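Whatever order the structure lists them in is the order used to number ligands and atoms, beginning at 1. Heavy atoms only: backbone and side chains are in, while hydrogens, waters and symmetry mates are out. None of the values given here were measured: they were computed from a predicted structure.
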Amino acid sequence: MIVLVLNCGSSSLKYQVLDMRSNTDYTLLAKGLVERIGEKVGDLTHKVPGRDNYHIEKPIADHTVGIKSVLDILTDKEHGVLSALSDINAVGHRVAHGGEFFFDSVVIDKGVIEKIEKCCELAPLHNPANLLGIKAVETLMPGTPQVAVFDTSFHQTMPKYAYMYAIPYQYYEKYKIRRYGFHGTSHKYVSRKACELFGTDFNNSKIITCHLGNGSSITAIKDGKSVDTSMGFTPVEGLPMGTRSGNVDAGIIMYLMEKEGLSMNEINKILNKKSGLIGISELSSDNRDLDAGRESGNEKAALAQKMLWYTIKKYIGGYIAALNGVDMIVFTGGIGENSNTTRENVLSDMEALGIVLDKDLNNQARGKDMLISKPESKVKVAVVTTDEELVIARDTMNLTTKK
Ligand code: ADP
């Protein structure tokens, strides 16, 4: 079956079209990106494997127009990959926040839309955009089944003592303030795939997954279920990221607001856009630039990376304690899949915890699935490439073809 996967942001949308024959047998037909929705001139980049990229610039007033442009290009005689819109059997949406409503992906109906609407307060930048995408598909392709795949749902299995914050209980009751966690699709996919590839029983295992990209999070998974994760009520908690601070003493926020006379918007921008790797290095949010900086003697670039490595190490140690051991540690995301330096520095001097990295294998692992621990290592360490769109396409296929 043909599945259209949509990931709608506030002013952009990403798409993929996959021909799904089974969970493991599929072909990517096309993918692309619509940007600058709502601006004077928007653009669409359409990529078909084996062909030159196709790029158009034109005004794209809203998400409905953006999705219409995608559907037009997919069925275009010259650049398209489908003969008609009716070739698309189902649409899968990445949805940022499912709150406490969704433990798994679901077929979208009126009730589901209402619940996604209720979660807009929890993800004010993302959920409204996701809803615009869902409604645009309803208008343009009426009757086509749609599925929502949530960033948060994998983490709904966390125990209450792990997801609560120690602030007055009434704020959980009033505003649902608690840890939700994000990147769930990726943590679930790479942990399961690592088990399949490297001979571990997913339903009877202790796994720590490190999704390290521009946004980063770490998850502790016991017997196939997320039991703790580093992102929290929002994606700003946990590790230092490209531009997000990760954990800070909450007292700093009040102190800074007072000292600098900052508004809520300003402090929000500082913590989400000006902190993390870019904040410390004053150079870049991109890990590759920091590699280059550190190698040429830039001390702040080196410091930013060391802070990241050290924080990852502390989370791994904490989650080993929480899980009472670990069978496998999995690295994924742009940094996790590609940066041997990050993996080596995180995992060095952890022999006491049964982790022995094979440095040669680690140096070979770049964007491919492989084990990078030594045979004598009690804990397996793996690099596994993530593919969130594939998970969305699979869930969409499985939920819409279920009898
Ligand atoms: P996003 O969270 O936006 O999806 P990615 O998962 O693509 O981001 O990760 C982007 C990060 O991965 C950047 O910091 C980038 O520098 C880093 N990265 C990508 N390739 C490499 C590499 N070869 N070596 C080190 N870091 C890399």
No-hydrogen, no-angle side-chain donor-acceptor test under 3.5 Å, [X] and [Y]:
X      : Y      : result
Thr219 : His211 : no
Asp291 : Gln305 : yes
Asn362 : Asn340 : no

Could you tabulate the donor-acceptor pairs under 3.5 Å formed by side-chain atoms of residues 9-17, not counting sequence neighbours?
residue : atom : partner : partner atom : Å
Tyr15   : OH   : His46   : ND1          : 2.7

Pairs satisfying salt bridge (Lys or Arg N to Asp or Glu O under 4.0 Å), at least one member in residues 217-236, at least two apart: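 Only Arg179-Asp228 qualify under salt bridge (Lys or Arg N to Asp or Glu O under 4.0 Å).
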Within the protein, residues bringing a heavy atom under 4.0 Å of ligand 1, chain by chain: Gly213, Asn214, Gly215, Asp286, Asn287, Arg288, Asp291, Gly333, Gly334, Ile335, Asn338, Ser339
All salt bridge (charged side-chain N to carboxylate O under 4.0 Å, His left out) counterparts of Arg192, not counting sequence neighbours: none
